[in-house]
Amino acid sequence: MADEKLSKGLVDAAFKKKQAEEGEKVKEEEKATEGDIITFEKDGQQLEAIVTSSSLQNSVVCDMTIMENFDELNLEHEKTVVAHKNYKIKQRSSNRNI
């Protein structure tokens, strides 16, 4: 009886985890593509960047040097990787192929 309850609890926990993961997935049409401008937060700062690669499954590679104050921000790198769920699209590229 105890094994049965434990087993049911594990199955329920796995089901809830799977539902939560699926709820976090970003729809394909909401993902940024190359040339899109995105905004995101990093280390408490609101940043802006242009997407340079969208071929990764769960994120995009972007270039932050488009910000006028990039040099003043003293960021460690010019490019960064941002997960799809962690950015908002500010402006779509005019070269977008749908």
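Quantities reported herein were computed from a predicted structural model and do not represent experimental measurements. Computed over heavy atoms, backbone and side chain alike; hydrogens, waters and symmetry mates excluded.
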Atom pairs and distances, side-chain donor-acceptor, residues 74-81, under 3.5 Å, sequence neighbours left out:
unit_1	atom_1	unit_2	atom_2	d
Thr80	OG1	Lys42	NZ	3.1

Closest approach of Ser54 to Ala32 (non-hydrogen atoms, all atoms of both residues): CB-O, 3.5 Å
Nearest 0.5 Å please: distance from the NZ atom of Lys27 over to the NE2 atom of His84. 15.0 Å
With a 3.5 Å cut-off and sequence neighbours excluded, list the donor-acceptor pairs that the side chains of residues 57-67 form with protein atoms.
unit_1	atom_1	unit_2	atom_2	d
Asp63	OD1	Thr65	N	2.8
Asp63	OD1	Thr65	OG1	2.6
Asp63	OD2	Thr65	OG1	3.4

Check whether Phe70 and Ile38 end up in the same hydrophobic cluster, where Ile, Leu, Val, Met, Phe, Trp and Tyr are linked by side-chain heavy atoms less than 4.5 Å apart. yes
Test salt bridge (charged side-chain N to carboxylate O under 4.0 Å, His left out), reference Asp36, set Arg92, Lys88, Lys90, output is Arg92
Check the hydrophobic clustering (I, L, V, M, F, W, Y; side-chain heavy atoms under 4.5 Å; chains of links allowed) and say if Ile37 and Leu47 are grouped together. no
Rounded to the nearest 0.5 Å, what separation is found between the NZ atom of Lys31 and the CG atom of Leu56? 10.5 Å
Using a 6.0 Å cut-off, check whether atom CD of Glu68 has over 12 heavy atoms from anything other than its own residue. no
